[in-house]
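These numbers come from the heavy atoms of this one structure, side chains and all, not from hydrogens, waters or symmetry mates. Start at 1 and go down the list; that is how both ligands and their atoms are numbered.
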Amino acid sequence: MRVLGIETSCDETGLGIYDTAHGLMAHALFSQVEIHQPYGGVVPELASRDHVRRILPLIKKVMAESGSSCDDLGGIAYTAGPGLVGALLVGAAVGSSLAMTWDVPALGVHHMEGHLLAPMLEASPPRFPFLALLVSGGHTLLVAVQGVGRYQILGESIDDAAGEAFDKTAKMLGLTYPGGPALAKLAEQGDAQRFHFPRPMTTRPGLDFSFSGLKTFARTTWAEHAPDEQSKADIARAFEDAVIDTLAIKCKRAMKQSGLKDLVIAGGVSANRALRGRLQSLVDKEGGRLFCPRAEFCTDNGAMIAYAGWCRMLHEGKKQTAFAVQARWSIESLQPV
Ligand code: KG4
Ligand code: ZN
C-alpha cells in the first residue's frame, strides 16, 4: 500500500510518499522561513496562503519522483492537528478533495504522532515500548509509548514549549527567526562558566516542565551586562545548557519511573546537536539506546505524516475520517491500533 502524506500545520509545506514494499519513496518540503522572517514569527494568514501556492506543485513533484500515478495510491494522509487552523485546512481540503477524486480514503493524522513515529523511517528504528521526548515549537511532551496510538503522557510543559523558549530568547537577543537554530549556533561561541541559569522544576518531584522563566532570566541577565557579542553568546550558552540539562534530568527521572530505557527524541528541538549528545550519554549510562530522526525529519516534514498515515491505514483498514481539523488535540486521545 502506498500513502501520500501532507503536512501543513505551521510554516512548512511538506509532502511524502511511503510504500509497504519500498519504504519512503519521495519527500519534498517548502519552508516559509523567509516569508515570516521580517515579522519575527509565523503570521498565520501568510502561512495559509503560501500553503495554497505550494501544495499542488509539491504533490506533483513527489508523485513524479516516486513514479506514482493516482492508481498506485492506497490512501492520502494529512495533518489534521494540532496546529494553525487556516494552515491545517489547506492540507485537509486538498488531501480530502484528491482522495475523493482518486477514490481512495483520506485520513487525518495527529502531527505529534507523526513526529513520534519519524525515527521509524531510519535504518535502525526503535522497538516498542520506549520513552519519547517530543520537543517542538508548540509542544514539550514526555510520553511512555507502548505501541502505535498507545501513548501515556508522563510530563509536559505547563507554559512555553522548549522550541518556543528557544525562539523567544533568540528574538530577545536580536537573532533572526526561527531563533532555535540561530541560538544554538551562537551558543557554540559562549563561555559555559560565565552564567548559570536555573533548571526549572527539577528540585521537586514530577515530570512536568516550565520554560517561560528561563526566557525572563535571559532578559534580566542581558539587561545587567554589557550588550556585546560575547555576552550574547554567553547568555545563549547558559540558556541552552539550562534547557538541555532540564530535559535530561526529566528524561532520566522518567526512565527510572517507567522502567523504559530506550529513548526516542523527535520534533524540531531534537535537531539540536548538544541535546542529542547529552541524551546519548544519558542512555549510554542507563543501558538504553537513543533513537532520533535524521535532521531534516526532526522539524516538520511530509515523510512523517505519510508514514504515520500508512501505519494507521495498514492496521486499521482504509477507513475514511471526517473532514475536520483541530488546533488543540491531545496525543493521549488517539485510538490504539
Ligand atoms: O517540529 P517543528 O519543526 O515545528 C513544530 O511542530 O513546532 O519545531 C520547530 C521548533 C522551533 O521552535 C525551532 O526554533 C526549533 O524547533 N529548533 C531548534 C533547532 N532546530 C529547530 N531548537 C534548538 N536547536 C536547534 N538546532
Ligand atoms: Zn512539528
Would C10 count as a contact of ligand 1 if the rule is a heavy atom under 4.0 Å away?
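Per 4.0 Å heavy-atom rule, C10 does not contact ligand 1.
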Contact between H115 and ligand 1, counting heavy atoms under 4.0 Å?
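Within the 4.0 Å threshold, so yes.
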Would you check, one step at a time, whether the test side-chain hydrogen bond (donor to acceptor under 3.5 Å, both in side chains) holds for D228 with S231?
CA-CA 5 Å; D228 54 27; S231 294; 2.8 Å; yes
Below 4.0 angstrom from a heavy atom of [X], which ligand 1 atoms are there? Numbered from 1 as shown, please.
X    : result
G163 : 12 (O)
G138 : 7 (O)
G137 : 5 (C), 7 (O), 8 (O), 9 (C), 10 (C), 12 (O)
F166 : 23 (C)
D167 : 11 (C), 12 (O), 13 (C), 14 (O)

K232: partners by salt bridge (Lys or Arg N to Asp or Glu O under 4.0 Å), with sequence neighbours left out:
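Listed in chain order: E229.
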Could you check [atom] against the protein and tell me its nearest heavy-atom contact, residue, atom and distance included?
atom                    : value
atom 2 (P) of ligand 1  : D300 OD1, 3.3 Å
atom 24 (N) of ligand 1 : N272 ND2, 3.0 Å
atom 21 (C) of ligand 1 : G268 O, 3.3 Å

Hey, is ligand 1 close enough to [X] that some N/O pair sits below 3.5 Å?
X    : result
A184 : no
T299 : no
G179 : no
G180 : yes

Could you tell me whether F166 and F239 have their ring centroids closer than 6.0 angstrom?
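Yes, the ring centres sit under 6.0 Å apart.
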Return the orientation label for the H110 and W329 ring planes: parallel under 30°, perpendicular over 60°, tilted otherwise.
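It falls in the tilted class, 30° to 60°.
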Aromatic rings W310 and Y307: how do their planes relate, parallel, tilted or perpendicular, breaks at 30° and 60°?
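Plane angle between 30° and 60°, so tilted.
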Would you check if the side chain of [X] reaches a backbone N or O of [Y] as a donor-acceptor pair within less than 3.5 Å?
X    : Y    : answer
R199 : F197 : yes
R276 : S270 : yes
S68  : A64  : no
D160 : F211 : no
S281 : G277 : yes

Within-2.8 Å protein N/O/S contacts of the Zn ion (ligand 2)
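Listed by chain and number, the atoms are H111 NE2, H115 NE2, D300 OD1.
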Measure the OG1-CG distance between T299 and L29 for me, rounded to the nearest 0.5 Å.
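Interatomic distance, T299 OG1 to L29 CG, rounded to 0.5 Å: 7.0 Å.
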For atom 6 (O) of ligand 1, which of E7, H111, M304 has the closest heavy atom?
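When every heavy atom of E7, H111, M304 is considered, H111 comes closest to atom 6 (O) of ligand 1.
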Cation-pi between K171 and Y177: NZ/CZ under 6.0 Å from ring centre and within 45° of the ring axis?
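No; the conditions do not both hold, so K171 does not lie above the ring face of Y177.
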Just by distance, no angles: are the side chains of D300 and H111 close enough, under 3.5 Å, to form a donor-acceptor pair?
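There is such a pair (donor and acceptor under 3.5 Å, judged by atom type) between the side chains of D300 and H111.
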